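Small disclaimer: the values here were computed from a predicted structure and weren't measured. Sequence positions, counted from 1, serve as the residue numbers for this chain.
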Amino acid sequence: MGDSDEERIADLEAVLRRDDPRFARGPGEGRPRRPREYRRGRAWLAMTLALAVVVVGGLVPHGLLLAAGLVMAALAVNLFDSREQRIRRRRHRHRRGRGPGGPR
């Protein structure tokens with residue numbers, strides 16, 4: 001490999017270490033980790049809590065609690081969407097002319 005290839009690899013490694021240090025350390029420690037975009041523990045926890053609030057709001061006739069649970073569930077769904085997927089969709093919309101300020 002040429003010097004420019006080695007520099008590119010070093011740059012990619014630096015970006016990876018900065019963005020997801022646990023994933024980057026994993027192979028060296030002998031304990032590989034999932035990349036951050038595939039870790040969904042917090043999203044599942046938020047969804048479980050939101051659905052529990054919805055159920056409690058339905059059992060105890062309390063509309064505000066039910067509405068809060070539904071809003072929490074909507075916010076939790078957003079946690080399942082990785083940053084890379086959002087960027088990919090945004091780029092796709094811009095290419096097709098449907099981005100902000102583009103023709104509809």
Side-chain angles (χ1 to χ4, degrees):
M1 282 194 289
D3 288 336
S4 65
D5 290 337
E6 290 177 12
E7 289 174 10
R8 274 199 240 150
I9 290 173
D11 290 342
L12 287 172
E13 183 180 359
V15 168
L16 180 64
R17 287 189 187 281
R18 185 189 70 230
D19 288 347
D20 198 353
R22 286 174 46 188
F23 176 68
R25 278 193 318 260
E29 294 174 349
R31 295 175 40 200
R33 302 276 309 176
R34 288 184 187 178
R36 178 174 287 145
E37 60 266 12
Y38 294 113
R39 288 186 233 147
R40 305 263 193 259
R42 290 181 184 166
W44 281 112
L45 177 64
M47 182 59 76
T48 303
L49 291 173
L51 293 178
V53 171
V54 167
V55 168
V56 170
L59 293 175
V60 177
H62 199 281
L64 188 58
L65 193 58
L66 183 63
L70 292 173
V71 169
M72 286 172 55
L75 293 173
V77 166
N78 195 31
L79 294 176
F80 284 102
D81 193 15
S82 71
R83 181 175 181 263
E84 286 76 21
Q85 290 170 341
R86 286 189 301 254
I87 291 171
R88 200 174 303 128
R89 276 198 305 271
R90 199 174 300 139
R91 285 181 185 156
H92 182 69
R93 279 190 300 226
H94 284 290
R95 271 189 246 132
R96 295 190 61 180
R98 286 192 242 151
R104 302 225 183 252

Taking side chain to side chain contact (heavy atoms under 4.5 Å, CB included) as the definition, give me every residue that meets it alongside [X], ordered by chain and number, with sequence neighbours left out.
X	result
Ala73	Met47, Ala50
Val55	Leu59
Ala43	Leu79, Phe80

Given the rule that I, L, V, M, F, W and Y join up when any side-chain heavy atoms are under 4.5 Å apart, are Val53 and Val56 in one cluster?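 Linked within one cluster.
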**OP:** Kindly work out whether a path of hydrophobic side-chain contacts (I/L/V/M/F/W/Y, heavy atoms less than 4.5 Å apart) joins Trp44 to Leu51.
**Re:**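 Yes, one cluster joins them.
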Determine, step by step, whether Arg42 and Leu45 satisfy the side-chain contact (heavy atoms from CB on, under 4.5 Å) criterion, reporting the C-alpha distance in whole Å, the side-chain angles of both residues, the deciding distance to 0.1 Å, and the verdict.
CA-CA 5 Å; Arg42 290 181 184 166; Leu45 177 64; 5.5 Å; no
